[in-house]
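Chain identifiers are assigned alphabetically (A, B, ...) following the order of the sequence lines, protein sequences preceding nucleic acid strands; residue numbering begins at 1 within each chain. Predicted model, so just to flag it, every value in this text is computed and none were measured.
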2 protein chains.
Amino acid sequence: MREDTRKKITTPEIADDGAALGQSIREARQAKGWTLEEAGRAAGIGRSTLSKIENNLTRPSFDIIRRLTQALDMHTPNLFLQSGQSGISGRRDYTPKGRGEPKDTPTYLHELLCTDLTSKRMLPYISEIKARDISEFETWIRHSGEEFMYVLSGELTFISEHYRPLPMKAGDSLYYDSSMGHGCISTSAENARVLWVSLE
Amino acid sequence: MREDTRKKITTPEIADDGAALGQSIREARQAKGWTLEEAGRAAGIGRSTLSKIENNLTRPSFDIIRRLTQALDMHTPNLFLQSGQSGISGRRDYTPKGRGEPKDTPTYLHELLCTDLTSKRMLPYISEIKARDISEFETWIRHSGEEFMYVLSGELTFISEHYRPLPMKAGDSLYYDSSMGHGCISTSAENARVLWVSLE
DNA sequence: AAAAACTGTATCCTATAGGAAACAGAGTTT
DNA sequence: AAACTCTGTTTCCTATAGGATACAGTTTTT
């Protein structure tokens with residue numbers, strides 16, 4: 001080994017709050033059984049860079065992390081959790097039938113489900129859509145995210161941009177981009193009941 | 001203004017594939033009605049840095065982006081979408097009753113819903129849980145993410161780590177951390193039917 | 001309408017991110 | 001056991017991230 005006469009430049013232990021980022025990546029890589037070389041090639045980065053990232057010896061760019069998470073099929077939301085907050089880890093929330101949290105609007109009767117878990121990512125609720133005429137429709141509902149709906153009872157028509165009205169009845173389900181303008185109207189004599197799960 | 005004799009170093013238009021990252025951040029900041037100064041202070045970064053990020057003139061570190069997304073209450077998964085793939089934007093997927101894609105396991109009869117939309121983030125399916133004795137239970141199901149379940153018919157018992165068995169019947173709902181070991185057994189004479197929505 | 005207080009952008013500079021290559025250690029092969 | 005071939009780590013270097021500051025444009029105050 002050759003003599004190193006230079007002043008030692010210290011850059012150790014960056015990790016501060018970013019915390020277990022490197023560890024997460026190392027686990028994901030090893031779960032795939034990949035070497036630094038292989039993972040680096042898949043993500044388009046050098047193995048030295050990857051080594052430093054996994055050992056928290058650097059503060060990688062977002063771009064690098066994005067490429068890595070793609071290559072390793074990683075679960076990205078976890079990476080954003082700072083030490084302390086850990087989502088709903090190890091918890092569950094039970095709501096008996098009809099015991100959700102009511103929330104009414106002029107058009108809908110909502111029953112929010114599992115509201116004790118405030119940090120959950122999906123938002124489940126049951127809506128009672130009041131029977132009414134199609135002419136009452138006013139404006140699109142539009143909000144970023146994705147939504148899944150399942151018709152519990154009754155009949156309704158789902159209307160949205162880019163598509164023609166879709167008649168639905170009990171047992172039917174639908175998944176859609178909620179940033180696309182959308183809305184529901186009951187087309188049965190009685191109210192229709194729908195289970196919704198909204199993301200974001 | 002003084003004469004600039006240096007060779008112009010060009011660093012414009014980094015944006016390459018990272019794409020609309022800066023735009024997303026600008027939108028989130030403006031949605032909060034914040035100036036660069038305010039948002040920067042909330043995230044602990046300088047306004048000049050933030051300006052460059054929003055205009056895609058730099059390739060920010062993951063750490064910076066994490067601080068920003070926290071301060072701005074941003075929805076992080078979107079940021080990981082690269083330019084080509086845009087989720088399910090502007091699309092919807094309808095599945096009539098009983099027309100899901102069947103997928104059976106020894107214990108469950110699954111019917112996957114809305115399988116045409118492959119890039120959706122939530123995974124909805126209906127499971128028929130075969131009536132059986134509690135003694136048949138073998139091992140925990142465990143996978144990262146969150147799950148919501150809604151009992152459509154029949155009765156069952158949900159069992160999981162950290163908790164005691166939970167009897168559920170039609171109309172009940174449950175939200176839980178799916179990394180926590182869990183499982184279901186039917187406790188009614190006939191099979192129980194459950195609607196599940198799984199996230200990641 | 002000048003002065004002042006804002007806004008977001010552009011410039012300058014230093015610490016460092018990330019690639020190339022050297023290094024070190026553990027198996028393999030000849 | 002020496003020569004190869006892997007692994008992951010460390011060193012070296014250049015391009016650049018991000019803060020400080022100067023600049024420019026717009027609105028508010030005196």
Side-chain angles (χ1 to χ4, degrees), chain A residues 1-18 21-72, chain B residues 1-18 21-72:
Chain A
M1 187 200 293
R2 77 177 167 77
E3 171 71 359
D4 191 350
T5 56
R6 287 164 304 127
K7 181 90 75 58
K8 180 59 179 294
I9 299 175
T10 58
T11 319
E13 286 298 328
I14 286 215
D16 36 75
D17 59 331
L21 174 65
Q23 188 178 342
S24 301
I25 292 175
R26 171 150 289 183
E27 285 169 7
R29 175 176 64 85
Q30 292 177 335
K32 275 194 159 333
W34 282 354
T35 66
L36 288 175
E37 176 70 27
E38 291 168 321
R41 187 156 3 98
I45 69 175
R47 60 181 194 283
S48 61
T49 302
L50 185 47
S51 172
K52 280 180 275 192
I53 290 172
E54 290 189 352
N55 291 303
N56 292 312
L57 295 174
T58 189
R59 192 171 296 150
S61 70
F62 179 77
D63 185 58
I64 292 284
I65 296 300
R66 187 166 40 93
R67 283 192 260 167
L68 271 172
T69 54
Q70 288 171 205
L72 297 173
Chain B
M1 188 200 290
R2 79 176 167 76
E3 170 71 3
D4 192 348
T5 56
R6 288 165 303 127
K7 182 93 73 63
K8 181 58 178 295
I9 299 174
T10 58
T11 320
E13 285 299 327
I14 286 215
D16 38 75
D17 58 332
L21 175 65
Q23 187 178 343
S24 301
I25 291 176
R26 171 151 289 182
E27 284 169 7
R29 175 177 64 84
Q30 292 177 334
K32 275 195 159 335
W34 283 355
T35 66
L36 289 175
E37 175 70 28
E38 292 168 321
R41 186 156 3 97
I45 68 176
R47 60 182 193 284
S48 61
T49 301
L50 185 48
S51 172
K52 279 181 277 194
I53 291 172
E54 291 189 353
N55 291 305
N56 292 312
L57 295 173
T58 189
R59 192 171 295 150
S61 70
F62 179 76
D63 185 58
I64 291 284
I65 296 301
R66 186 164 41 92
R67 282 192 260 166
L68 271 172
T69 54
Q70 288 171 202
L72 297 173

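Annotation: side chain of B/Gln23 is not in contact with side chain of B/Asn56 (no heavy-atom distance under 4.5 Å). When side chains are defined from C-beta on, A/Pro60 does not count as touching A/Leu68, because their heavy atoms never get closer than 4.5 Å. By the 4.5 Å heavy-atom criterion applied to side chains, B/Leu72 and B/Ile25 are counted as neighbours.
Following rounding to the nearest Å, B/Lys52 (NZ) and C/dG8 (C1') show an atom-to-atom distance of 13 Å. If you take CD of A/Glu38 and P of D/dC6, they are 11 Å apart, rounded to a whole angstrom. In this structure, A/Glu54 atom CD and D/dT9 atom P are separated by 7 Å, rounded to whole Å. For B/Leu57 and D/dT16, the CG to P distance is 13 Å, given to the nearest whole Å. Rounded to whole Å, atom P of D/dA17 lies 12 Å from atom CD1 of B/Ile65. Taking atom CG of residue A/Asp63 and atom P of nucleotide D/dG18, one finds them 12 Å apart after rounding to whole Å. In this structure, the CZ atom of B/Arg41 is 16 Å from the C1' atom of D/dG19, given to the nearest Å. The separation between A/Phe62 atom CZ and C/dG18 atom P is 13 Å, rounded to whole Å.
Applying the 4.0 Å criterion to OP1 and OP2 of D/dG8, one finds that A/Ser51 has every side-chain N and O outside that range. For C/dG8, one of the phosphate oxygens OP1 or OP2 lies less than 4.0 angstrom from a side-chain nitrogen or oxygen of B/Arg29. Using a 4.0 Å cut-off, no side-chain N or O of A/Ser48 falls inside it from OP1 or OP2 of C/dA20. A close approach under 4.0 Å does occur between a side-chain nitrogen or oxygen of B/Ser61 and OP1 or OP2 of D/dG18.
Picking from C/dG18, C/dA17, C/dT9 the nucleotide with the shortest atom distance to the side chain of A/Ile64 gives C/dG18. Side-chain atoms of B/Arg47 lie closest to C/dT9 of the nucleotides C/dG19, D/dA17, C/dT9. In this structure, of C/dG18, C/dC12, D/dA17, it is D/dA17 that holds the atom nearest to the side chain of B/Arg59. Of the candidate nucleotides D/dA20, D/dT10, D/dT9, D/dT9 has the atom lying nearest to any side-chain atom of A/Asn55.
For DNA chain C, the residues of residues 30-37 of chain B within the heavy-atom distance limit of 4.0 Å (strictly under) are B/Thr35, B/Leu36, sorted by number.
Salt bridge status for B/Glu54 with B/Arg29: present, with a side-chain N to carboxylate O gap under 4.0 Å.
Listed by first and then second residue, the ring pair (Phe, Tyr, Trp, His ring centres under 6.0 Å) pairs involving residues 48-67 of chain B are A/Phe80-B/Phe62 (not counting sequence neighbours).
When heavy atoms are screened at a 4.0 angstrom cut-off, A/Ile53 is found touching no nucleic acid atom at all.
Two residues, B/Arg26 and A/Gly46, neighbour DNA chain C, and the one matched to the more 5' nucleotide by heavy-atom proximity is B/Arg26.
Across every non-hydrogen atom of A/Leu21 and A/Ile65, the tightest pair is CD2-CD1, 4.0 Å. Considering all non-hydrogen atoms of both residues, B/Ser51 and B/Leu36 come closest at CB-CD1, 3.9 Å. Nearest heavy atom pair, residue A/Trp34 against residue A/Ala39, reads CE3-CA, 3.7 Å.
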